[in-house]
Student: 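Handing you a structure now.
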Amino acid sequence: MRTSVIKLGISAMLLLFTVGTVMAAVYTYKCPKCGLIQQYDRAGFYKCPKDGWIMTRVY
């Protein structure tokens, strides 16, 4: 009985960790000049590969 409760708790923690990681893993940016939309795995400052403008983050 006790081991099944521990396994259930560990499974629940792993599930929450996985969901939290997946949700925070994508950052979307859009170029204000040409409208190009790209996604990155971390937040930062990115330049548009087409025209060099600084892309703005889409929330």
Side-chain angles (χ1 to χ4, degrees):
M1 173 79 176
R2 185 177 182 146
T3 58
S4 63
V5 172
I6 292 173
K7 287 181 183 179
L8 180 64
I10 291 172
S11 297
M13 287 190 306
L14 288 173
L15 177 65
L16 289 174
F17 177 74
T18 303
V19 169
T21 303
V22 169
M23 290 177 62
V26 177
Y27 299 92
T28 305
Y29 288 83
K30 181 178 181 180
C31 177
K33 185 175 182 184
C34 70
L36 175 72
I37 296 175
Q38 289 192 321
Q39 294 181 332
Y40 299 94
D41 61 347
R42 56 183 82 117
F45 293 99
Y46 297 99
K47 287 188 176 183
C48 178
K50 289 184 175 181
D51 53 29
W53 279 59
I54 295 175
M55 300 180 81
T56 56
R57 186 166 173 202
V58 178
Y59 291 98

Student: If you round to the nearest 0.5 Å, how far is OH of Y46 from CD1 of I54?
Tutor: 13.0 Å

Student: Please, which pairs that meet side chain to side chain donor-acceptor pair (under 3.5 Å) have at least one residue in residues 49-59, sequence neighbours excluded?
Tutor: none

Student: Would you tabulate the side-chain donor-acceptor contacts of residues 28-39 under 3.5 Å, counting partners in other chains and residues two or more places apart, or write 'none'?
Tutor:
residue: T28; atom: OG1; partner: Q39; partner atom: NE2; Å: 3.4
residue: Y29; atom: OH; partner: G44; partner atom: N; Å: 3.0
residue: Y29; atom: OH; partner: G44; partner atom: O; Å: 3.0
residue: Q38; atom: OE1; partner: Y40; partner atom: OH; Å: 2.6

